[in-house]
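For the single chain, residues carry numbers from 1 onward in sequence order. Being a predicted model, the structure only gives us computed values, none of them experimental.
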Amino acid sequence: MSETTLFTLHAQLEKDSIELADFPLCKLLLCNDSAYPWFILVPKVADISEIYQLDWLQQQQLLNESSLLSELLMQVFSGDKMNVAALGNVVEQLHVHHVVRFKDDAQWPKPIWGQQALTPYSAEELTVLKDKLLPQLAIIFAEK
């Protein structure tokens, strides 16, 4: 049985996010907070809480997926800064946040963590976001 067979998404991540895509290593989630373009990569490896626990090839794949996602998000959302962080203080399952930041966003230049309640996406906002992003992701991963 492979590690990905044993993989289960943490209940808190499942509750707070929307699954968008599966990359070769990671599951791509959208944090259900319309205040920021906020995405989360979760390696589909069971019982991992830190990047160093991934094997070397998985670490390289995580970096590749994170870099590709970061570049695409900055292009699609025309952000001022890309915040990438793997905190894990609340949810121990390894997950890497990718948040597009803008100099005029509500919390700039402070971190966004725990500053305000999540503002869920409306069905229309979610459709617009998916239509904007998913075709671009499909192109990138089709080229690999």
Side-chain angles (χ1 to χ4, degrees), residues 1-121 125-126 128-144:
M1 194 177 299
S2 73
E3 292 173 326
T4 55
T5 305
L6 300 173
F7 170 80
T8 305
L9 187 62
H10 189 281
Q12 190 67 47
L13 291 173
E14 196 169 340
K15 175 182 173 282
D16 292 343
S17 62
I18 299 153
E19 289 190 36
L20 291 181
D22 276 306
F23 293 169
L25 176 67
C26 296
K27 188 169 283 299
L28 174 63
L29 309 176
L30 170 66
C31 183
N32 195 8
D33 184 2
S34 62
Y36 304 96
W38 181 349
F39 299 83
I40 303 169
L41 286 179
V42 184
K44 297 175 285 189
V45 179
D47 302 321
I48 295 292
S49 59
E50 305 294 341
I51 293 171
Y52 72 81
Q53 294 172 318
L54 297 169
D55 68 36
W56 185 83
L57 290 174
Q58 291 168 332
Q59 290 175 31
Q60 295 307 304
Q61 185 63 34
L62 176 59
L63 179 59
N64 291 342
E65 292 178 13
S66 177
S67 294
L68 285 168
L69 178 63
S70 295
E71 183 176 1
L72 178 63
L73 293 176
M74 289 297 280
Q75 290 171 2
V76 168
F77 295 101
S78 301
D80 294 312
K81 178 74 176 103
M82 171 59 63
N83 289 172
V84 178
L87 302 176
N89 296 347
V90 175
V91 174
E92 65 278 358
Q93 183 176 47
L94 178 59
H95 60 289
V96 183
H97 298 270
H98 294 70
V99 185
V100 180
R101 297 294 306 273
F102 304 92
K103 290 180 179 173
D104 62 355
D105 72 39
Q107 300 304 321
W108 184 269
K110 296 177 283 190
I112 64 168
W113 321 114
Q115 299 294 322
Q116 60 193 40
L118 299 182
T119 307
Y121 283 93
E125 289 171 323
L126 188 56
V128 168
L129 185 142
K130 286 180 175 181
D131 288 348
K132 193 175 190 179
L133 187 65
L134 293 180
Q136 299 299 319
L137 286 172
I139 291 167
I140 289 172
F141 282 98
E143 293 172 355
K144 287 199 83 163

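- At a threshold of 4.5 Å between non-hydrogen side-chain atoms, the residues Met82 and Val100 count as touching.
- Here the closest heavy-atom approach between residue Gln12 and residue Asp16 is recorded as NE2-OD2, 2.8 Å.
- You'll find the side chain of Gln61 reaches within 4.5 Å of the side chain of Pro24, heavy atoms only.
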_Does Leu94 form a side-chain contact (heavy atoms from CB on, under 4.5 Å) with Val42? I'd like the steps, not just the answer._
CA-CA 6 Å; Leu94 178 59; Val42 184; over 6 Å; no

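- Side-chain contact check for Asp80 versus Arg101: every heavy-atom pair is 4.5 Å or farther apart.
- Between the CG atom of Asp105 and the NZ atom of Lys81 there is a distance of 12.5 Å, given to the nearest 0.5 Å.
- Partners of Glu19 according to the side chain to side chain contact (heavy atoms under 4.5 Å, CB included) rule, which considers only residues two or more places apart in sequence or in another chain, are Leu9, Lys27, Leu29.
- The shortest distance between side-chain heavy atoms of Leu133 and Leu73 falls below 4.5 Å.
- Two residues are said to be in side-chain contact when any heavy atoms from C-beta on lie closer than 4.5 Å; Leu72 and Leu137 meet this criterion.
- Rounding to the nearest 0.5 Å places NE2 of His95 at 6.0 Å from CD1 of Ile40.
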*Full working for side-chain contact (heavy atoms from CB on, under 4.5 Å) between Leu126 and Leu30*: CA-CA 10 Å; Leu126 188 56; Leu30 170 66; 3.5 Å; yes

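- Within the 3.5 Å criterion, the main-chain N or O of Leu62 finds no donor-acceptor partner in the side chain of Ser66.
- Contact check for Val84 versus Ser70: side-chain heavy atoms found under the 4.5 Å cut-off.
- Within the model, atoms CG of Asn64 and CD of Gln60 stand 7.0 Å from one another, a figure rounded to the nearest 0.5 Å.
- In plain terms, the two heavy atoms of Tyr121 and Leu129 that are nearest each other are OH-CD1, 3.5 Å.
- The distance from the CG atom of Leu6 to the CG atom of Asp47 is 7.5 Å, given to the nearest 0.5 Å.
- Around atom CG of Asp22, more than 12 heavy atoms belonging to other residues, nucleotides or ligands sit under 6.0 Å away.
- The closest side-chain heavy-atom distance from Trp113 to Val90 is not below 4.5 Å.
- Between the side chain of Thr119 and the main chain of Ser34, no donor-acceptor pair closer than 3.5 Å is present.
- Between Pro37 and Phe102 the shortest heavy-atom distance is CD-CE1, 3.8 Å.
- With hydrogens and angles disregarded, a donor-acceptor distance shorter than 3.5 Å links the side chain of Glu65 to the backbone of Cys26.
- In this structure a side-chain-to-backbone donor-acceptor pair under 3.5 Å is present from Gln93 to Thr8.
- Scored by the ring pair (Phe, Tyr, Trp, His ring centres under 6.0 Å) test, His98 finds no partners at all (sequence neighbours excluded).
- The number of heavy atoms from other shown groups lying within 6.0 Å of CD (Gln107) is above 12.
- Using a 4.5 Å heavy-atom cutoff, the side chains of Asn83 and His97 are not in contact.
- Counting only distance, with no hydrogens or angles, the side chain of Lys44 and the backbone of Phe23 share a donor-acceptor pair below 3.5 Å.
- With rounding to the nearest 0.5 Å, the separation of CD in Glu125 from CG in Asn32 is 9.5 Å.
- In this pair, Phe77 and Phe39 present their aromatic rings tilted. The plane angle is within the 30 to 60° band.
- Taken from CG in Leu54 to CG in Leu63, the straight-line distance is 11.5 Å, to the nearest 0.5 Å.
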